[in-house]
> 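I have a structure here, written as structure tokens, and I will follow up with some questions on it.
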Amino acid sequence: MKSTTKEKIAVIGSGYVGLVTGACFAEIGHQVICIDNNEEKVANLKQGKIPIYEPGLSPLILKNVKRKRLIFSDSVKEGVKNSKAIFIAVGTPPRAKGEADLSAIEDVAEEVAKYMDSYKLIIQKSTVPIATGDWVESTVRMFKKKHAKFDIASNPEFLREGSAISDFMNPDRIVIGVETKRAREILSRIYKPIKGKMIFTDVKSAELIKHASNSFLAMKISFINSLSRICDASGANIDKVSQGLGMDKRIGKDFLKASLGYGGFCFPKDLAAFINICERLGYNPELLKATAKVNEQQKEFFLRKIKKALWNISGKKIAVLGLSFKPNTDDIRLSPAINIIRMLKREGAKIAVFDPKAMEKARQELSGVDYCDNAYEAIKDADCLVLATDWPQFGRLDLKRVKRLLKRPIVVDGRNMFDPANMEKLGFRYSSIGRS
Ligand code: UGA
């Protein structure tokens with residue numbers, strides 16, 4: 001991929017979104033400075049230590065640092081002085097009522113404004129409520145020098161953790177919310193090397209597209225999980241139902257995999273924030289509320305499945321495989337696996353866990369569980385095996401060995417990783433989601 005015009009870009013906020021965005025912009029030829037106010041993080045990044053696990057990210061960063069296209073700094077001033085396009089990718093954590101905390105964005109807007117001495121395009125990448133662009137604009141206007149010109153844009157990201165780089169490089173669409181021709185031209189140039197349809201909207205519509213996309217996907221999962229309940233109650237098979245449903249192009253097969261519930265820092269948080277926005281705008285979003293409620297119920301339903309399989313939970317050893325909220329990431333934020341472990345602990349179970357990547361992060365949050373070196377060690381002498389995250393390697397477990405190691409041959413699968421008929425043949429008492 002070759003860039004026709006090299007742009008000078010600053011990305012403020014070096015979390016998942018900021019690092020992936022910065023590294024990918026550098027990879028397609030731009031000159032990028034990634035900024036974070038956490039000095040330790042920046043010092044580590046400068047030494048090539050990447051704070052998150054994301055497949056392919058570390059080599060991509062190292063390669064572009066070596067090419068001198070990517071640098072790190074803790075100074076917003078340095079970023080603003082050296083760039084025309086400034087992407088804001090700082091966190092918007094949830095407040096008590098679900099609304100997004102936008103104070104980091106406000107702080108960044110103020111700081112950027114102070115250092116602006118020529119035209120800048122300030123682009124919002126973080127997931128934000130509608131009209132955040134207006135707030136950023138008025139903040140910048142308030143703190144900037146009189147002569148400094150600027151535009152505001154919204155360019156939401158649709159990256160999935162675990163496949164963020166390929167999602168960035170091969171997007172279904174690039175959403176660009178702008179109000180001026182100049183802003184549109186700069187962003188078109190920046191994204192030119194990437195094949196992907198660009199859609200240009202006003203800033204507010206771009207902000208809304210992001211919320212709408214995440215909640216629609218969450219709704220698809222809650223829909224299939226509702227169907228899994230009907231399957232369990234009626235004897236239908238959710239895998240077949242999902243397949244038949246997804247073959248209709250209007251519906252699509254993606255995000256129709258039944259599970260113990262969705263998690264991660266995006267869907268639960270964004271849905272809560274979107275509900276909050278709707279209510280503030282005077283609309284009661286019943287559909288969004290039901291989506292969130294079904295997801296909570298699904299986790300409780302999964303706990304009931306474990307209870308049903310084990311009879312009494314107190315004092316029993318339960319092996320839980322998977323801690324991250326999905327495979328290929330070490331992210332445990334709002335992970336259904338962690339949720340289930342906490343519920344089981346409250347019921348008095350002894351928990352042994354294994355996850356290929358998320359053990360270190362889990363150790364910082366979750367105490368009183370036995371962290372094992374591999375899946376088999378966790379399974380040894382357990383009264384039940386619970387599959388909580390669909391890491392592909394769990395699907396390749398030696399099931400005969402698993403059967404020998406377990407004290408009772410009980411497997412409760414929250415990700416439908418195994419074939420029920422085969423599990424029965426191997427002598428397991430196997431229960432999964434919507435395939436009773
Ligand atoms: C999600 C969106 O997919 C991205 O497009 C978006 O950019 C991102 O949020 C964000 O806003 O930053 P992510 O949270 O990384 O990405 O993960 P997903 O792959 O969407 O999975 C979310 C959860 O849904 C996981 O717990 C996963 O196991 C679950 N899931 C997903 C299901 O239970 N069933 C499915 O069919 C698909």
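When a residue number appears, it is its place in the shown sequence, counting from 1. Since the structure is predicted, the reported quantities are computational estimates derived from the model, not experimental observations.
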> Check this for me: Glu377, atom CD, are more than 12 non-hydrogen atoms of other residues, nucleotides or ligands nearer than 6.0 Å?
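It does: Glu377 CD has more than 12 such atoms within range.
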> Taking the cut-offs as 6.0 angstrom to the six-membered ring centre and 45 degrees off its axis, would you call Lys357 and Tyr53 a cation-pi pair?
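Yes, Lys357 sits over the ring of Tyr53.
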> Counting N and O atoms only, with roles assigned by atom type, does the side chain of Glu137 sit under 3.5 Å from a partner on the main chain of Ile152, one being a donor and the other an acceptor?
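No, because the side chain of Glu137 does not come within donor-acceptor range (under 3.5 Å) of the backbone of Ile152.
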> For the residue pair Cys384 and Val412, establish whether any side-chain heavy-atom pair is separated by less than 4.5 Å.
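Side chain of Cys384 against side chain of Val412, heavy atoms only: contact under 4.5 Å found.
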> When you look at Asn276 and Arg280, which way does the side chain to side chain donor-acceptor pair (under 3.5 Å) test go after all the steps?
CA-CA 6 Å; Asn276 187 278; Arg280 273 193 284 148; 3.0 Å; yes
> What closest approach, in Å, do Ile176 and Met198 show between heavy atoms, and which atom pair accounts for it?
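Looking at all heavy atoms of both residues, the closest pair is CD1-SD, 3.9 Å.
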> Looking at Lys192 and Glu7, is there a salt bridge between them, counting it only when a charged N and a carboxylate O are closer than 4.0 Å?
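No.
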> Side-chain contact test, heavy atoms from C-beta onward, threshold under 4.5 Å: evaluate it for Glu78 versus Tyr115 and give yes or no.
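In short, these two side chains do not touch, never coming nearer than 4.5 Å.
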> Less than 4.5 Å apart, side chain to side chain, heavy atoms only: is that true for Phe274 and Leu208?
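Yes, their side chains come closer than 4.5 Å.
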> When you measure from the side chain of Thr92 to the backbone of Thr127, do you find a donor-acceptor pair of N or O atoms at a distance under 3.5 Å?
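Side chain of Thr92 to backbone of Thr127, a donor-acceptor pair under 3.5 Å: yes, one is there.
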> Side chains of Ile194 and Pro171, heavy atoms from C-beta outward: is any pair under 4.5 Å?
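Yes - at least one pair of side-chain heavy atoms lies under 4.5 Å apart.
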> Is there a side-chain contact (heavy atoms from CB on, under 4.5 Å) between Leu385 and Val402? Walk through the geometry before answering.
CA-CA 9 Å; Leu385 163 61; Val402 170; 4.0 Å; yes
> Using a 6.0 Å cut-off, check whether atom CZ of Phe223 has over 12 heavy atoms from anything other than its own residue.
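At most 12 heavy atoms, drawn from other residues, nucleotides or ligands, come within 6.0 Å of this atom.
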> Salt bridge check: are Glu300 and Arg304 linked by an N-O gap of less than 4.0 Å?
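Answer for the salt bridge query: no.
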> Could you check whether the rings of Phe87 and Phe25 sit parallel, tilted or perpendicular, using 30° and 60° as the cut-offs?
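Tilted: the ring planes of Phe87 and Phe25 meet at 30° to 60°.
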> Kindly indicate, with the supporting measurements, whether the criterion salt bridge (Lys or Arg N to Asp or Glu O under 4.0 Å) is fulfilled by Asp134 and Lys204.
CA-CA 9 Å; Asp134 288 351; Lys204 286 192 181 76; 2.9 Å; yes
> Closest heavy-atom contact between Ala319 and Ile379?
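Taking every non-hydrogen atom into account, CB-CA, 3.8 Å.
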> Using a strict 4.0 Å threshold on nitrogen-to-oxygen distance, state whether Glu161 and Arg333 make a salt bridge.
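So Glu161 pairs with Arg333 through a salt bridge.
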> Determine the minimum heavy-atom distance between Ala388 and Leu260, stating which atoms define it.
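Reported closest heavy-atom pair: O-CD2, 3.5 Å.
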> Salt bridge check: are Asp254 and Lys220 linked by an N-O gap of less than 4.0 Å?
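No.
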> Rounded to the nearest 0.5 Å, what separation is found between the OG atom of Ser166 and the CG atom of Leu159?
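Going from the OG atom of Ser166 to the CG atom of Leu159 covers 9.5 Å.
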> How far does CG of Leu310 sit from CG of Asp383, to the nearest 0.5 angstrom?
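Separation between the atoms: 6.5 Å.
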> Can a donor-acceptor pair be found, under 3.5 Å and without considering hydrogens, that links the side chain of Asp167 to the backbone of Arg160?
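Pair found, side chain donor or acceptor close to backbone of Arg160.
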> Looking at Asp117 and Lys81, is any side-chain nitrogen of the basic one under 4.0 Å from a carboxylate oxygen of the acidic one?
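Asp117 and Lys81: salt-bridged.
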> Between Glu279 and Lys289, is there a salt bridge with N-O shorter than 4.0 Å?
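Looking at Lys289 and Glu279, the cut-off is met.
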> Might you point out which heavy atoms bring Tyr262 and Ser222 nearest each other, and give the distance in Å?
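Shortest heavy-atom contact: CE2-OG, 3.7 Å.
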> Rounded to the nearest 0.5 Å, what's the gap from CD1 on Ile340 to OG on Ser335? Could you check?
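Interatomic distance, Ile340 CD1 to Ser335 OG, rounded to 0.5 Å: 10.0 Å.
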> Report the C-alpha separation of Asn295 and Phe267 in whole Å, then their side-chain angles, then the decisive distance to 0.1 Å, and conclude whether the side-chain contact (heavy atoms from CB on, under 4.5 Å) test is met.
CA-CA 10 Å; Asn295 198 49; Phe267 285 175; over 6 Å; no
> Is the backbone N or O of Ser324 less than 3.5 Å from a side-chain atom of Thr389, with the two atoms forming a donor-acceptor pair by type?
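Yes; at least one donor-acceptor contact below 3.5 Å.
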> Is the number of heavy atoms from other residues, nucleotides or ligands within 6.0 Å of NZ (Lys8) greater than 12?
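Result for NZ/Lys8: open.
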> Is it true that a side-chain atom of Glu207 and a backbone atom of Ser154 form a donor plus acceptor pair closer than 3.5 Å?
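Side chain of Glu207 to backbone of Ser154, a donor-acceptor pair under 3.5 Å: no, none is there.
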> Looking at Lys181 and Glu185, does any basic side-chain N land under 4.0 Å from a carboxylate oxygen?
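Yes.
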> Less than 4.5 Å apart, side chain to side chain, heavy atoms only: is that true for Lys125 and Ile88?
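They are not in side-chain contact.
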> Residues two or more places apart in sequence or in another chain: which of them pass salt bridge (Lys or Arg N to Asp or Glu O under 4.0 Å) with Lys380?
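Partners of Lys380 by the salt bridge (Lys or Arg N to Asp or Glu O under 4.0 Å) criterion come out as none, since no residue qualifies.
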> Backbone N or O of Thr132 within a donor-acceptor pair of the Gln124 side chain at under 3.5 Å?
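Side chain of Gln124 to backbone of Thr132, a donor-acceptor pair under 3.5 Å: no, none is there.
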> Roughly how far apart are Met219 CE and Leu287 CG, rounded to 0.5 Å?
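One gets 5.0 Å once the value is rounded to the nearest 0.5 Å.
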> Does atom CD of Gln47 have more than 12 heavy-atom neighbours, drawn from other residues, nucleotides or ligands, at distances under 6.0 Å?
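Enclosed.
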> Measure from the side-chain N and O atoms of Ser83 to the backbone N and O of Val80, and report whether any donor-acceptor pair falls under 3.5 Å.
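Side chain of Ser83 to backbone of Val80: no pair is present.
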> Yes or no on side-chain contact (heavy atoms from CB on, under 4.5 Å) for Cys24 and Ile165, after CA distance, side-chain angles and deciding distance?
CA-CA 7 Å; Cys24 290; Ile165 291 164; 4.2 Å; yes
> To the nearest 0.5 Å, what is the distance between CG on Leu387 and CG on Leu321?
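Result: 5.5 Å between the selected atoms.
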> For the pair Arg184 and Glu179, find out whether any cationic side-chain nitrogen is under 4.0 Å from an anionic carboxylate oxygen.
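Salt bridge absent between Arg184 and Glu179.
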> Inspect the contact between Glu27 and Lys63 and indicate whether a charged nitrogen and a carboxylate oxygen are less than 4.0 angstrom apart.
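Salt bridge present between Lys63 and Glu27.
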> Just one of Ile52, Leu19, Ile50 clears the side-chain contact (heavy atoms from CB on, under 4.5 Å) bar with Ser58, so which one?
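Going through Ile52, Leu19, Ile50 one by one, the side-chain contact (heavy atoms from CB on, under 4.5 Å) with Ser58 is satisfied by Ile50 alone.
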> Any Lys/Arg nitrogen of Lys257 or Asp390 sitting under 4.0 Å from an Asp/Glu carboxylate oxygen of the other?
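Between Asp390 and Lys257 there is a salt bridge, with a charged N closer than 4.0 Å to a carboxylate O.
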> With a distance cut-off below 6.0 Å to the six-membered ring centre and an angular limit of 45° from the axis, does Lys299 pair with Phe302 as a cation-pi contact?
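No, Lys299 does not lie over the aromatic ring of Phe302.
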> By the definition side-chain contact (heavy atoms from CB on, under 4.5 Å), identify the one residue from Val17, Val128, Asn214, Val175 that meets it with Pro156.
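Among Val17, Val128, Asn214, Val175, the one meeting side-chain contact (heavy atoms from CB on, under 4.5 Å) with Pro156 is Val175.
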> Near Glu365 CD, under 6.0 Å, is it more than 12 heavy atoms from other residues, nucleotides or ligands?
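No, not enclosed.
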> Between Ser138 and Trp135 (side chain of the first, backbone of the second, donor and acceptor by atom type, cut-off under 3.5 Å), is there such a pair?
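Yes: the side chain of Ser138 pairs with the backbone of Trp135.
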> Please round to the nearest 0.5 Å and tell me the distance separating atom OG1 of Thr329 and atom CG of Asp355.
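Atom-to-atom, Thr329:OG1 and Asp355:CG are 9.0 Å apart.
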> Is it true that, when you exclude Asp172 itself, more than 12 heavy atoms of the residues, nucleotides or ligands shown sit nearer than 6.0 Å to its CG?
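Counting neighbours around CG of Asp172, 12 or fewer heavy atoms of other residues, nucleotides or ligands fall under 6.0 Å, so no.
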> Show your reasoning for whether salt bridge (Lys or Arg N to Asp or Glu O under 4.0 Å) applies to Lys77 and Glu111.
CA-CA 8 Å; Lys77 183 177 177 184; Glu111 222 184 332; over 6 Å; no
> Can you name the nearest heavy-atom pair linking Ile35 to Ala10, along with the distance?
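So the two residues come closest at CD1-CB, 4.2 Å.
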> Using a cut-off of 6.0 Å, state whether more than 12 heavy atoms not belonging to Phe216 lie near its atom CZ.
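No, the 6.0 Å shell around CZ holds no more than 12 heavy atoms from other groups.
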> So does Glu157 get a backbone contact from the side chain of Lys210, meaning a donor-acceptor N/O pair under 3.5 Å?
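Yes, because the side chain of Lys210 sits within donor-acceptor range (under 3.5 Å) of the backbone of Glu157.
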> What heavy-atom pair brings Asp381 and Lys317 nearest, and what distance separates the two atoms?
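Scanning both residues completely, I find the closest heavy atoms to be O-CD, 3.9 Å.
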> Taking Lys146's backbone N and O only, do any of them form a donor-acceptor pair with Lys144's side chain (distance below 3.5 Å, no angle check)?
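Yes; at least one donor-acceptor contact below 3.5 Å.
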